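As the structure is a prediction and not an experimental result, all values here were calculated from the model. Atoms considered below: every heavy atom in the structure, side chains included; atoms not considered: hydrogens, waters and symmetry mates.
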Amino acid sequence: METPKKKQSFLQGAALLASAVVIVKIIGALYKIPLANIIDDAGFGYFNNAYDIYSVLLMISTAGLPVAMSRMIAEANSLGRYGQIRRINQTCLGIFLLLGGIGSILMTCFSRQLANALNSPDSWAAIQALGPSALFMCVTSSFRGYFQGQGDMAPTSISQVLEAICKLFIGLGLAWFMMKTQESVPLAAGGAILGVTAGSLVAMVYLYFRYRKAASAIPKRRGPVLSLGDTTKQLMSIAVPITIGAAGLQVITLIDTKLVLGQLTGPCGLTQAKADELKGIYSFTQTIFNLPCAFIAPITISVIPSITEFLTLKNFRAARRTEESALRVLGLLIMPCAVGLVVLSSPILSLLRGYTGENLAIASRLLSVLGICVVFNSIVLLTNAMMQAHGHASLPVLNMFIGGIVKIIVNYILVGNPHVNIQGAPIGTLCCYICITVLNLYTMRKCVRKAPDLVRCMFLPFVASILMGAATFGAWKALSLATSSRIVLCGGPIVVAVAAYVLLVYKMKIITYQDCMLLPKGEHIAKFLKVGRRYE
């Protein structure tokens with residue numbers, strides 16, 4: 001039987017996933033922006049409260065296992081141990097089914113108790129509607145981990161797009177229907193999030209059929225196969241530390257959600273309605289903050305099996321080259337996004353949400369701080385992935401907990417101050433990610449053989465982004481003197497930003513020859529960009 005097809009390179013896989021992210025985020029914008037207008041800020045807060053609980057359960061179920069699965073399959077694949085690949089996948093699927101079932105039961109059967117625990121009793125419908133998705137996403141994560149370990153990112157990408165399309169049409173349709181027929185914001189939020197559940201079901205079904213076809217193409221020669229117990233033990237040794245770190249931070253975020261609402265209605269003396277409104281505004285700015293951060297997931301997903309394979313074959317130079325390429329790509333993506341969110345926070349929110357007056361001022365300040373958070377959050381995600389690929393999955397855990405505790409302390413102090421209130425929440429998030437970034441970089445220098453040079457890889461993208469930001473700010477100020485059109489005031493500076501940044505990246509030759517070689521038609525791209533081998 002024929003051997004499996006050649007794996008995509010790290011950047012090819014990342015580019016494929018990033019393309020899916022672009023489509024998913026465009027669909028997501030078409031979903032969440034009109035959704036916020038249908039269910040208002042309070043309903044959007046209920047929607048995100050359900051997601052906070054869902055994220056905790058999903059992190060417990062899927063944070064560590066897909067990474068462990070991807071690493072172990074990449075290692076087995078590089079050594080030709082195809083029987084072990086089957087054993088890994090079967091073991092993971094059983095664990096995922098168990099964890100997903102427990103998560104779904106908790107959210108579906110105890111939705112009111114969970115909503116009350118968050119100081120947001122009207123979130124119960126959204127929590128209940130999202131419950132079945134915990135099971136669907138666990139099974140989906142098993143299939144995605146299998147394909148990612150094989151170096152094939154296409155099934156993951158397609159399933160993400162299918163999931164987003166279902167969420168768009170079913171979620172918006174149900175939200176509109178419930179508002180029209182029931183005139184209930186909590187039920188409308190539940191209808192909106194039911195689209196997420198439907199999308200996760202469709203993605204699971206699609207990946208199941210792709211998996212059946214792909215699994216049948218694996219060569220029959222088995223190679224050494226570990227027992228079920230040994231395979232489970234190896235999986236857990238990688239997955240448990242990652243899960244503890246990721247779920248721990250999500251639990252802290254969940255505690256933080258309760259704390260923020262409690263501080264707003266307590267020391268700040270706001271009514272529940274006003275607290276829900278401010279939390280909804282903050283939730284909307286977090287949605288925008290998550291847009292650029294979503295482009296980091298393709299890099300982390302692709303980089304883990306790539307680095308693992310090089311390390312398994314003792315090719316440490318190639319592993320470090322892949323890590324530095326990942327950091328350069330990270331810098332190229334996040335630096336302009338971060339600067340753009342800081343500079344254009346007001347026109348972005350004015351266009352997307354229609355905020356004016358005091359709400360626009362509050363939302364702009366929130367988004368400006370979250371824009372800076374983009375950089376540190378992205379570095380945390382990538383450095384976590386690198387340490388996991390090197391087999392140090394437990395090391396980021398303590399760093400994440402320390403950062404989460406910093407976040408709770410800062411938010412407790414600032415959000416409880418009536419003069420700061422909700423504006424303290426993003427400051428706490430920024431302090432959290434700065435703390436974790438510093439700790440991660442220190443840890444990597446201690447445990448990773450010849451750690452990649454973060455400053456060298458990201459300095460030029462930072463300089464290019466600052467220059468781009470200056471041009472963008474100037475364009476916005478100039479246009480604001482000539483027009484009051486929200487579309488022009490937001491779209492015009494963005495066009496200037498894109499043009500300026502592309503020109504600066506080209507002139508400063510930020511992309512290296514090695515980066516080009518990891519892309520399809522790399523020689524042609526390097527020639528077009530006039531990038532030579534001297535950058536090796």
side-chain contact (heavy atoms from CB on, under 4.5 Å) between L259 and I408, intermediate numbers included: CA-CA 8 Å; L259 182 149; I408 288 178; 3.9 Å; yes
Under a 4.5 Å cut-off applied to non-hydrogen side-chain atoms, are [X] and [Y] in contact?
{"X": "E358", "Y": "I362", "result": "yes"}
{"X": "P452", "Y": "M386", "result": "yes"}
{"X": "C490", "Y": "I494", "result": "yes"}
{"X": "L341", "Y": "S368", "result": "no"}
{"X": "M400", "Y": "N384", "result": "yes"}
{"X": "I334", "Y": "N377", "result": "no"}
{"X": "N359", "Y": "E277", "result": "yes"}
{"X": "T472", "Y": "P493", "result": "yes"}

Could you grab the distance from atom [atom1] of [X] to atom [atom2] of [Y], nearest 0.5 Å is fine?
{"X": "S345", "Y": "L360", "atom1": "OG", "atom2": "CG", "result": "8.0 Å"}
{"X": "I307", "Y": "R71", "atom1": "CD1", "atom2": "CZ", "result": "10.5 Å"}
{"X": "I193", "Y": "N49", "atom1": "CD1", "atom2": "CG", "result": "9.5 Å"}
{"X": "L201", "Y": "I170", "atom1": "CG", "atom2": "CD1", "result": "9.0 Å"}
{"X": "T140", "Y": "M204", "atom1": "OG1", "atom2": "CE", "result": "6.0 Å"}
{"X": "L344", "Y": "S350", "atom1": "CG", "atom2": "OG", "result": "12.0 Å"}

[X] side chain to [Y] main-chain N or O, any donor-acceptor pair under 3.5 Å?
{"X": "T483", "Y": "L479", "answer": "no"}
{"X": "R486", "Y": "P347", "answer": "no"}
{"X": "Y501", "Y": "L332", "answer": "yes"}
{"X": "T383", "Y": "I379", "answer": "yes"}
{"X": "T429", "Y": "A425", "answer": "yes"}
{"X": "S484", "Y": "S480", "answer": "no"}

message: Given L349, which partner from the list L366, I288, T356 fulfils the side chain to side chain contact (heavy atoms under 4.5 Å, CB included) test?
response: I288
query: Considering the options V438, T437, I436, which one meets the side chain to side chain contact (heavy atoms under 4.5 Å, CB included) requirement together with N440?
result: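 Output: one option passes, namely I436.
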message: Quick one, C447 with T443, criterion side-chain contact (heavy atoms from CB on, under 4.5 Å). Give me CA distance, side-chain angles, the key distance, then yes/no.
response: CA-CA 6 Å; C447 71; T443 304; 4.3 Å; yes
message: Tell me whether the rings of F473 and W476 are parallel (<30°), tilted (30 to 60°) or perpendicular (>60°).
response: perpendicular
message: Please determine whether a side-chain nitrogen of the Lys or Arg among E324 and R320 lies less than 4.0 Å from a carboxylate oxygen of the Asp or Glu.
response: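 Salt bridge: yes.
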message: With a 4.0 Å cut-off on N to O distance, would you call E163 and R144 a salt bridge?
response: yes
Which atoms form the tightest heavy-atom contact between [X] and [Y], and what is the distance?
{"X": "V410", "Y": "G428", "answer": "CG1-CA, 3.6 Å"}
{"X": "V374", "Y": "A338", "answer": "CB-CB, 4.2 Å"}
{"X": "P426", "Y": "C373", "answer": "O-SG, 3.9 Å"}
{"X": "L504", "Y": "M468", "answer": "CD1-N, 3.9 Å"}
{"X": "T197", "Y": "F136", "answer": "O-CD1, 3.7 Å"}
{"X": "L261", "Y": "A275", "answer": "CD2-O, 3.9 Å"}

Residue pair Y506, V502: steps toward the side-chain contact (heavy atoms from CB on, under 4.5 Å) verdict: CA-CA 6 Å; Y506 173 74; V502 170; 5.5 Å; no
- request: I would like to know whether I158 and V161 meet side-chain contact (heavy atoms from CB on, under 4.5 Å); could you show each step before the answer?
  value: CA-CA 5 Å; I158 295 171; V161 174; 5.8 Å; no
task: Would you indicate whether F462, at its atom CZ, is surrounded by more than 12 heavy atoms from other residues, nucleotides or ligands within a distance under 6.0 Å?
output: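 Open: at most 12 neighbouring heavy atoms sit under 6.0 Å from CZ of F462.
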task: State whether a side-chain donor-acceptor pair under 3.5 Å links S200 with S133.
output: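 A pair is found: one side chain offers a donor N or O, the other an acceptor, under 3.5 Å apart.
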